[in-house]
Amino acid sequence: QLQASGGGLVQTGGSLRLSCTTSGRTDTNYVMGWFRQAPGKEREFVALLAWRTGTASYADSVKGRFTISRANAVNTGYLQMENLKPEDTAVYYCAARYGSALPMIKYYRYWGQGTQVTVSS
């Protein structure tokens, strides 16, 4: 249901945009989230978007640097990442759920494959 893309290698301070195309119904209480998992660490919440309203929420570690958005016409969500830091290096996953806009991983039923983001110092 979800297809993520856009990862890559970037230098500190650089930018990347991740995309996540969904085949799910987005006309109801659809929520798209982005999560990441660094080597040896647990998967963590990055950002989420309530699709119908456009309301977004961010982890403190990315607030002011990352922006989540969507393009209804192509059923695609985006994570624009600016001013990247080495600590942003991780595999990034998009996920989706139907229901409230919650950041907890356990509530997300649908997951895309991960896309690697590497930030060099």
Side-chain angles (χ1 to χ4, degrees):
Q1 183 181 95
L2 299 169
Q3 184 73 31
S5 61
L9 173 64
V10 65
Q11 292 186 332
T12 297
S15 302
L16 279 175
R17 187 178 79 162
L18 306 183
S19 301
C20 181
T21 300
T22 177
S23 60
R25 285 192 60 180
T26 58
D27 58 344
T28 56
N29 53 347
Y30 189 80
V31 179
M32 179 175 283
W34 285 95
F35 300 83
R36 66 186 182 186
Q37 187 165 18
K41 295 188 177 181
E42 293 187 353
R43 194 170 298 187
E44 64 177 6
F45 166 73
V46 175
L48 64 81
L49 181 75
W51 197 275
R52 187 176 59 82
T53 64
T55 302
S57 180
Y58 299 92
D60 288 342
S61 58
V62 306
K63 204 171 291 184
R65 300 188 298 122
F66 290 12
T67 303
I68 189 171
S69 62
R70 86 289 199 214
N72 284 311
V74 291
N75 264 18
T76 299
Y78 303 100
L79 185 69
Q80 179 68 42
M81 304 184 293
E82 306 282 351
N83 190 22
L84 283 160
K85 306 175 181 180
E87 51 263 43
D88 294 317
T89 295
V91 177
Y92 283 71
Y93 299 88
C94 62
R97 72 183 304 269
Y98 291 94
S100 301
L102 300 172
M104 290 77 85
I105 292 169
K106 65 181 180 179
Y107 292 120
Y108 286 77
R109 178 178 180 183
Y110 306 98
W111 289 83
Q113 87 288 3
T115 184
Q116 177 71 47
V117 171
T118 303
V119 184
S120 63
S121 56

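Treat the numbers as computed from the prediction; the structure is a model and nothing was measured.
- Using a 4.5 Å cut-off on side-chain heavy atoms (C-beta onward), Thr76 and Arg70 make no contact.
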Begin with the C-alpha distance, continue with both residues' side-chain angles, and end with the deciding distance and a verdict on side chain to side chain contact (heavy atoms under 4.5 Å, CB included) for Trp34 and Val62.
CA-CA 11 Å; Trp34 285 95; Val62 306; over 6 Å; no
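- Ser15 and Glu82 form a side-chain donor-acceptor contact under 3.5 Å, judged by distance and modelled atom types alone.
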Show the numbers, then the answer: is there a side chain to side chain contact (heavy atoms under 4.5 Å, CB included) between Met81 and Val117?
CA-CA 10 Å; Met81 304 184 293; Val117 171; 3.9 Å; yes
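- Residues Val119 and Gln11 have side chains not in contact (no heavy-atom distance under 4.5 Å, counting atoms from C-beta outward).
- By the rule that hydrophobic residues join a cluster once side-chain heavy atoms approach within less than 4.5 Å of another member, Phe66 and Leu48 end up as members of separate clusters.
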What's the verdict on side chain to side chain contact (heavy atoms under 4.5 Å, CB included) for Gln37 and Glu44, showing C-alpha distance, side-chain angles and the deciding distance?
CA-CA 6 Å; Gln37 187 165 18; Glu44 64 177 6; over 6 Å; no
What's the verdict on side chain to side chain contact (heavy atoms under 4.5 Å, CB included) for Leu84 and Leu16, showing C-alpha distance, side-chain angles and the deciding distance?
CA-CA 8 Å; Leu84 283 160; Leu16 279 175; 4.2 Å; yes
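- Minimum interatomic distance between Leu18 and Tyr92 (heavy atoms only, all atoms of both residues): CD1-CB, 3.6 Å.
- Scanning for ring-ring contact (aromatic ring centres under 6.0 Å, His included) contacts around Tyr98 gives Tyr30, with sequence neighbours left out.
- A salt bridge is absent between Lys85 and Asp88; no separation between the charged side-chain nitrogens and carboxylate oxygens falls under 4.0 Å.
- For the atom pair OG of Ser69 and CG of Leu79, the computed distance is 8.5 Å after rounding to the nearest 0.5 Å.
- Closest of all the heavy-atom pairs between Ala90 and Gln116 is O-NE2, 3.4 Å.
- Pairing each heavy atom of Leu2 with each of Cys20, the nearest pair is CD2-SG, 3.8 Å.
- Judged by the 6.0 Å and 45° rule, Arg17 forms a cation-pi pair with Tyr78.
- Expressed to the nearest 0.5 Å, how far CD of Glu87 lies from OG1 of Thr12 amounts to 8.0 Å.
- Between Thr115 and Tyr93, the closest side-chain pair of non-hydrogen atoms is not below 4.5 Å.
- Under the side chain to side chain donor-acceptor pair (under 3.5 Å) criterion, Ser5 pairs with no residue, sequence neighbours left out.
- Looking only at distances, no side-chain donor or acceptor of Ser100 sits under 3.5 Å from a matching main-chain atom of Leu102.
- Rounded to the nearest 0.5 angstrom, Arg97 CZ and Met104 CE are separated by 8.0 Å.
- Contact of the Phe45 side chain with the Ile105 side chain is not registered, since no non-hydrogen atoms from C-beta on lie closer than 4.5 Å.
- A cation-pi arrangement is present between Arg43 and Trp111 under the rule of less than 6.0 angstrom and at most 45 degrees off the ring axis.
- Of all heavy-atom pairs between Leu9 and Ser120, the closest is CD1-CB, 4.3 Å.
- Atoms CZ and CD, from Arg65 and Gln80 in turn, are 12.0 Å apart once rounded to the nearest 0.5 Å.
- Heavy atoms from other residues, nucleotides or ligands lying under 6.0 Å from NZ of Lys63 number more than 12.
- Asp27 and Trp51 share no donor-acceptor pair across their side chains, judged by distance under 3.5 Å alone.
- Closest approach of Ala56 to Ile68, counting heavy atoms only: CB-CG2, 3.5 Å.
- Side-chain rings of Tyr108 and Phe35 approach one another, their centers coming within less than 6.0 Å.
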side-chain hydrogen bond (donor to acceptor under 3.5 Å, both in side chains) between Gln3 and Thr21, intermediate numbers included:
CA-CA 5 Å; Gln3 184 73 31; Thr21 300; over 6 Å; no
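- Side-chain atoms of Arg52 and Asn29, non-hydrogen and from C-beta on, never get closer than 4.5 Å to each other.
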